[in-house]
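Please read the structure below before turning to the comments.
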Amino acid sequence: MINTKIYKAVYELAERLMKAAAKDDREAFDPLYAELQAICTDNENTDKDHPEQWETLADFTEELEDALPIYQKALEKAIAKNSKDHMASIGFSMATLQVQLGQTDDAIERLQHAKASADGIEDDELKAEIDQLLETLTTN
């Protein structure tokens, strides 16, 4: 379970980052991103470390090549906690980036792992998204 104070800070930063990104407001986006990055770094390898904060950081990392290792870190933390929801969500996000980077085989493998993790969760929408992308990649 993510620390409530950290969850609120990450959630608030995510909302503010989305608004800044929507307005293409670099002056607002950059310091917010740095603040989120600091939360992740400050909590890393402590009892407050959680895959959700890393996943959120990866979500707002603009360079796809830079986002993948952050998602990988989030995935490793989710696996360590055996958090199926996060494993499925992070896996789907990673696969989506891998598709954009032309790494189709890696994306298919990541989706297969995400699908296996999703079997134990209640998020039917995420399950459908995983299935749909996997089907698209394996039928083309």
Side-chain angles (χ1 to χ4, degrees):
M1 188 99 194
I2 190 168
N3 175 292
T4 303
K5 183 177 178 182
I6 294 170
Y7 175 81
K8 286 180 181 178
V10 169
Y11 183 80
E12 180 182 305
L13 282 170
E15 284 188 328
R16 293 169 62 197
L17 280 160
M18 284 190 295
K19 287 177 185 173
K23 295 178 185 174
D24 201 21
D25 184 351
R26 177 67 49 202
E27 282 185 38
F29 186 91
D30 288 345
L32 293 169
Y33 181 87
E35 190 176 340
L36 178 57
Q37 194 171 31
I39 289 171
C40 292
T41 305
D42 291 348
N43 294 323
E44 189 168 14
N45 300 320
T46 72
D47 62 338
K48 295 178 181 175
D49 200 1
H50 196 276
E52 193 160 329
Q53 63 195 19
W54 292 100
E55 181 179 13
T56 304
L57 181 65
D59 289 344
F60 288 101
T61 300
E62 295 177 289
E63 295 298 323
L64 303 182
E65 294 85 0
D66 295 338
L68 273 176
I70 300 170
Y71 278 125
Q72 183 62 43
K73 183 179 279 199
L75 183 60
E76 290 166 5
K77 293 176 184 303
I79 290 169
K81 292 184 178 293
N82 196 30
S83 175
K84 303 280 187 194
D85 286 295
H86 289 102
M87 290 162 56
S89 173
I90 295 163
F92 177 73
S93 294
M94 287 179 77
T96 301
L97 286 188
Q98 289 168 322
V99 168
Q100 293 176 27
L101 291 168
Q103 302 170 0
T104 306
D105 291 342
D106 291 337
I108 291 169
E109 183 179 345
R110 179 63 48 218
L111 285 167
Q112 289 168 337
H113 289 288
K115 182 178 174 75
S117 297
D119 283 343
I121 68 172
E122 295 178 15
D123 189 341
D124 291 332
E125 186 176 322
L126 177 58
K127 288 179 188 180
E129 288 177 321
I130 292 168
D131 288 342
Q132 183 178 20
L133 184 55
L134 189 55
E135 183 179 330
T136 300
L137 294 178
T138 55
T139 56
N140 289 339

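Sequence positions, counted from 1, serve as the residue numbers for this chain.
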Stepwise side-chain hydrogen bond (donor to acceptor under 3.5 Å, both in side chains) check, His86 with Glu55: CA-CA 8 Å; His86 289 102; Glu55 181 179 13; 4.7 Å; no
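- At least one side-chain heavy atom of Leu13 sits less than 4.5 Å from a side-chain heavy atom of Glu35.
- Between the NZ atom in Lys115 and the CG atom in Asp131 there is a gap of 3.5 Å [rounded to 0.5 Å].
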Checking Asp59 against Tyr71 for the side-chain contact (heavy atoms from CB on, under 4.5 Å) test, could you report, in this order, the C-alpha distance in whole Å, the side-chain angles of both residues, the deciding distance, and whether it holds? CA-CA 8 Å; Asp59 289 344; Tyr71 278 125; 2.4 Å; yes
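- Going from atom CD of Glu76 over to atom NZ of Lys81 covers 14.0 Å, rounded to the nearest 0.5 Å.
- Leu137 is listed as a side-chain neighbour of Leu111, based on a closest heavy-atom distance under 4.5 Å.
- Distance CD/Gln100 to CD/Glu65: 10.5 Å, rounded to 0.5 Å.
- The shortest heavy-atom contact between Ala118 and Lys127 is O-CE, 2.9 Å.
- Side-chain contact between Phe29 and Arg16: absent, with no pair of heavy atoms (C-beta onward) separated by less than 4.5 Å.
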Please determine whether side-chain contact (heavy atoms from CB on, under 4.5 Å) holds for the pair Lys77 and Asn45, giving the CA-CA distance in whole Å, both sets of side-chain angles, and the decisive distance to 0.1 Å. CA-CA 10 Å; Lys77 293 176 184 303; Asn45 300 320; 4.0 Å; yes
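- The hydrophobic clustering, which links ILVMFWY residues whose side-chain heavy atoms are closer than 4.5 Å, places Met18 and Ile70 together.
- The backbone N or O of Ile79 sits nowhere less than 3.5 Å from a side-chain atom of Ser83 that would complete a donor-acceptor pair.
- How far CE of Met94 is from NE2 of His113: 10.5 Å, rounded to the nearest 0.5 Å.
- Enclosure of atom CG in Asp24 is not indicated, since only 12 or fewer non-hydrogen atoms of other residues, nucleotides or ligands lie within 6.0 angstrom.
- Counting non-hydrogen atoms of other residues, nucleotides and ligands closer than 6.0 Å to CD of Gln132 gives a total of 12 or fewer.
- Nearest heavy atom pair, residue Asp49 against residue Glu44, reads OD2-CA, 3.4 Å.
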Pair Leu101-Leu68, side-chain contact (heavy atoms from CB on, under 4.5 Å): steps then yes or no: CA-CA 10 Å; Leu101 291 168; Leu68 273 176; 3.5 Å; yes
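- Considering all non-hydrogen atoms of both residues, Ala74 and Trp54 come closest at CB-CB, 3.6 Å.
- Side chain of Lys48 to main chain of Ile39: no donor-acceptor pair is present (N/O by atom type, distance under 3.5 Å, no hydrogens or angles).
- When side chains are defined from C-beta on, Pro51 does not count as touching Leu75, because their heavy atoms never get closer than 4.5 Å.
- Between Thr139 and Glu135, the shortest heavy-atom distance links the atoms OG1-O, 2.7 Å.
- One distance of note links NZ of Lys84 with OG of Ser89; it measures 14.5 Å at 0.5 Å rounding.
- Leu126 approaches Asp85 most closely through the heavy-atom pair CD2-O, 4.4 Å.
- The cluster map of Ile, Leu, Val, Met, Phe, Trp and Tyr, joined by side-chain heavy atoms under 4.5 Å apart, puts Val99 and Ile90 in different clusters.
- Of all heavy-atom pairs spanning Met87 and Ser117, the tightest one is CE-OG, 3.4 Å.
- In this structure, OG1 in Thr56 is found 13.5 Å from CD in Gln37, a value given to the nearest 0.5 Å.
- Looking only at atom types and distance, the side chain of Tyr33 has a donor-acceptor partner in the side chain of Thr61 under 3.5 Å away.
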Give the intermediate values and the outcome of side-chain contact (heavy atoms from CB on, under 4.5 Å) for residues Ile6 and Gln53. CA-CA 8 Å; Ile6 294 170; Gln53 63 195 19; 3.3 Å; yes
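- Under the 4.5 Å side-chain contact rule for hydrophobic residues, Phe92 and Leu134 share a cluster.
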